[in-house]
Amino acid sequence: MTDHPLIQAARGVHSTWLWPMLHPKAIFSEVLLLFSFSYTQISRMDQLYEEVEEPVSPPGQYFNSSVICSYVFGFLEIAIPIDDSKTISLVKDVFLPINPRFSSIMIRDQDGKRRWRRVEVKPEDHVKIPKFPEGNSPELYDHYFDDYVTTILTERTPQNKPLWEIHIIKYPTSNAAGTIIFKLHHALGDGYSLMGALLSCLQRIDDPSLPLTFPSRTSSSSQGSKKNMFQNLPSVISSFFSSMSDFGSSLVKTKMDVDEKTPVRSGYEGTESMPFALSSISLSLDHVKAIKTKLGVTINDVLTGMIFYGIRLYMDDIDNMARKAKSTAVVMLNTRNVKGYKSVKEMQDSKVKGLWGNKISFLQIPIPKLSQSRSHNPLEFVWNARKLIKKKRRSFSVYLIALLLELEMKLKGPEAVAKIIYKTLGNCSVVISNIYGPLEQMALANNPISGLYFTMTGGPENIDITIMSYVKVLRISLKTLKGFIDEQKLKFCMEKAFDVIFKAAMEISQTPNKK
């Protein structure tokens, strides 16, 4: 059986030494020459070793502190029974070469500063293949799978080993014949970087030689750039005051303003180390686009409106008084000015805009209350989301927040910044993040991937909502605090919110003029 093409490409060709018969003096000369060559090579290796010991970025230190230990989990649902015979060779020859950080640990140098140090990696220590009871139905394996995921969501990886794990679940569930879970520490990079890394291990099923393609992302700023300075002046002034307002409210929210205790916010301390459940719903991307076209909004507007409506339905179902409670969502944002994923090589190139690492900030958005008018017309949630997102899009408060964190880092260090992030997340009710995935179906070492989703851990929030597109499906994952959030009821409310919004949108005869 031939090796996977990625392994063949990674191995390359190795040369061998040939020793001819020589005179003793010649042999002595050759030994001196070889010793000199070896010493030079060792010096070069030492130089490379020093280069690998790069400083840990400030966000990398925030996310691996005494306050926050955050991970990104990528779930690959496999359509056929998993063949794991080449797992170790794939890790060695494909995964580890992606970035030096996958072969590094975090250390402190003599000055107390954190750096990445290259170490020898034993893939066997990082690949986990759990054993479940044999001969059960997919429905029963769903429970084993859910319990296993709950366990690994809260477990920390050892600090004396590179900060990643791969979990291979070889048992069929209701969604897949098997599941591969990548557990990657947030200090290694943000969702953009880590997703780019994972995608570099995957190939298109239809034609592995072709690159993956992604949904286009158009910006309204390009239209505004065609206007002259005087035409843009009102928009610039409005953006300035809006940014100052957003920035000020973010500071207040971080320091003093706390969401009320509701069915989606317990107010418990130390929830990041408590058990969480993970569930998900799948939406047709075509149906989302149909709503988008009918209402004259964006896909983000539709999804945000649906999530806010679903949250309010859940809160109202648990406690009718909570329908008007003050609740806030923290939206995690990628601050790179890039239109799509770069290759791993490009991300590591300092000349490229989309650098590897953590390039993130956040926005706090109030969740609209479930008023009488919105109860009768759920499309108000979508239009309200459009209004909020449009306002936030003009704001540059995201970059002000990033600068503030950077300043705090210089003045007080990473632990102080980690406390700010932790308090910001804890003062809000929900954290939302999204990543767009490829349009084509992919495979990992000839194992076709039928589903793709992700989640994050490490913060004190009780609900994490992550969104990812793959082919023609939008997967919304719900990470919820066990024993407090009824994950099945929340899932039902989210599905109901989408169905109600879809039905209401399809009944509209013409696109409304909502600005």
Side-chain angles (χ1 to χ4, degrees), residues 59-76 105-106 125-132 141-169 171 173 179-191 194 264-280 330 332 358 415 418-419 421-433 453-466 468 475-488 490-491:
Q61 297 181 62
Y62 314 154
F63 292 125
N64 192 25
S65 64
S66 63
V67 183
I68 298 175
C69 185
S70 181
Y71 293 88
V72 177
F73 288 77
F75 293 78
L76 277 62
I105 62 173
M106 217 181 263
D125 294 342
H126 296 263
V127 177
K128 315 290 183 180
I129 305 177
K131 296 293 183 182
F132 298 160
Y141 280 128
D142 284 344
H143 293 290
Y144 288 121
F145 177 83
D146 292 342
D147 290 343
Y148 185 79
V149 170
T150 292
T151 300
I152 65 173
L153 286 178
T154 52
E155 285 181 341
R156 294 193 174 197
T157 53
Q159 293 287 317
N160 62 347
K161 297 178 182 177
L163 302 173
W164 59 270
E165 289 177 348
I166 299 174
H167 299 258
I168 302 176
I169 317 297
Y171 300 92
T173 62
T179 308
I180 300 175
I181 306 170
F182 285 82
K183 180 177 181 178
L184 307 169
H185 202 291
H186 219 316
L188 297 171
D190 58 16
L194 299 177
V264 296
R265 184 179 181 275
S266 65
Y268 302 156
E269 293 185 1
T271 53
E272 66 278 3
S273 58
M274 297 180 183
F276 279 80
L278 186 66
S279 57
S280 67
V330 171
M332 307 302 294
N358 284 284
E415 291 289 327
K419 288 178 182 178
I421 295 173
Y422 182 90
K423 193 170 182 180
T424 300
L425 299 177
N427 288 352
C428 296
S429 300
V430 181
V431 174
I432 302 174
S433 180
Y453 60 102
F454 80 105
T455 192
M456 305 174 297
T457 64
E461 66 277 3
N462 297 167
I463 300 179
D464 265 293
I465 300 177
T466 53
M468 185 166 191
R475 194 73 168 266
I476 299 179
S477 304
L478 309 170
K479 183 176 75 72
T480 53
L481 182 63
K482 292 194 77 170
F484 178 69
I485 303 291
D486 185 337
E487 65 267 21
Q488 293 304 318
L490 178 62
K491 183 178 174 180

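For clarity, every value in this text was computed on a predicted model and none was experimentally measured.
- Separation of atoms OG (Ser279) and CD1 (Ile476) is listed at 11.0 Å; rounding is to 0.5 Å.
- Note that the CD1 atom of Ile168 and the CD1 atom of Ile129 stand 4.5 Å from one another [nearest 0.5 Å].
- Residues Leu153 and Thr457 approach most closely at O-CG2, 3.5 Å, considering heavy atoms.
- Between Asn64 and Cys69, the closest side-chain pair of non-hydrogen atoms falls below 4.5 Å.
- Residues meeting the ring-ring contact (aromatic ring centres under 6.0 Å, His included) test with Phe484, sequence neighbours left out: Tyr268.
- Here the straight-line distance linking atom OG of Ser70 with atom OH of Tyr422 works out to 12.5 Å at 0.5 Å rounding.
- Nearest heavy-atom pair across Ala187 and Gly60 is CB-O, 3.4 Å.
- For Thr150 against Pro275, the heavy-atom pair with the smallest separation is CG2-CB, 3.9 Å.
- Applying the ring-ring contact (aromatic ring centres under 6.0 Å, His included) test to Tyr62 and every residue at least two apart in sequence or in another chain returns nothing.
- With rounding to the nearest 0.5 Å, the separation of NE2 in His126 from CG in Leu163 is 9.0 Å.
- For the pair Phe454 and Ser433, the minimum side-chain heavy-atom distance is below 4.5 Å.
- Across all non-hydrogen atoms, the minimal contact from Ile105 to Gln159 is CB-O, 3.9 Å.
- Between Met456 and Val431, the shortest heavy-atom distance links the atoms CE-CG1, 4.3 Å.
- In the displayed structure, Lys419 atom NZ is contacted under 6.0 Å by at most 12 heavy atoms of other residues, nucleotides or ligands.
- Between the Thr154 side chain and the Met274 main chain, no donor and acceptor come within less than 3.5 Å of each other.
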Exercise. Can you list the steps and then say if Lys479 with Phe73 is a side chain to side chain contact (heavy atoms under 4.5 Å, CB included)?
Worked result: CA-CA 11 Å; Lys479 183 176 75 72; Phe73 288 77; over 6 Å; no
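- In this structure, the side chain to side chain donor-acceptor pair (under 3.5 Å) partners of Tyr71, at least two apart in sequence or on a different chain, are Thr157.
- Between the side chain of Arg475 and the backbone N or O of Thr466 there is no donor-acceptor pair closer than 3.5 Å.
- Side-chain contact between His186 and Pro59: absent, with no pair of heavy atoms (C-beta onward) separated by less than 4.5 Å.
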For this session: May I have the step-by-step check of side chain to side chain contact (heavy atoms under 4.5 Å, CB included) for Tyr144 and Lys131, ending in yes or no?
Result: CA-CA 10 Å; Tyr144 288 121; Lys131 296 293 183 182; over 6 Å; no
Exercise. Under the side chain to side chain contact (heavy atoms under 4.5 Å, CB included) criterion, do Lys183 and Glu155 qualify, and how do the steps go?
Worked result: CA-CA 10 Å; Lys183 180 177 181 178; Glu155 285 181 341; 3.9 Å; yes
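- Between Ala418 and Ser65 the shortest heavy-atom distance is CB-OG, 3.3 Å.
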Exercise. Is there a side chain to side chain contact (heavy atoms under 4.5 Å, CB included) between Phe145 and Ile181 once you walk through the steps?
Worked result: CA-CA 11 Å; Phe145 177 83; Ile181 306 170; 4.2 Å; yes
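- By the ring-ring contact (aromatic ring centres under 6.0 Å, His included) test, Phe276 pairs with no residue at all, sequence neighbours left out.
- The side chain to side chain donor-acceptor pair (under 3.5 Å) check on Tyr148 picks up His167, with sequence neighbours excluded.
- The CD atom of Glu272 lies 10.5 Å from the CG atom of Asn462; values are rounded to the nearest 0.5 Å.
- One distance of note links NZ of Lys491 with OG1 of Thr480; it measures 11.0 Å at 0.5 Å rounding.
- Partners of Tyr141 by side chain to side chain donor-acceptor pair (under 3.5 Å), not counting sequence neighbours: none found.
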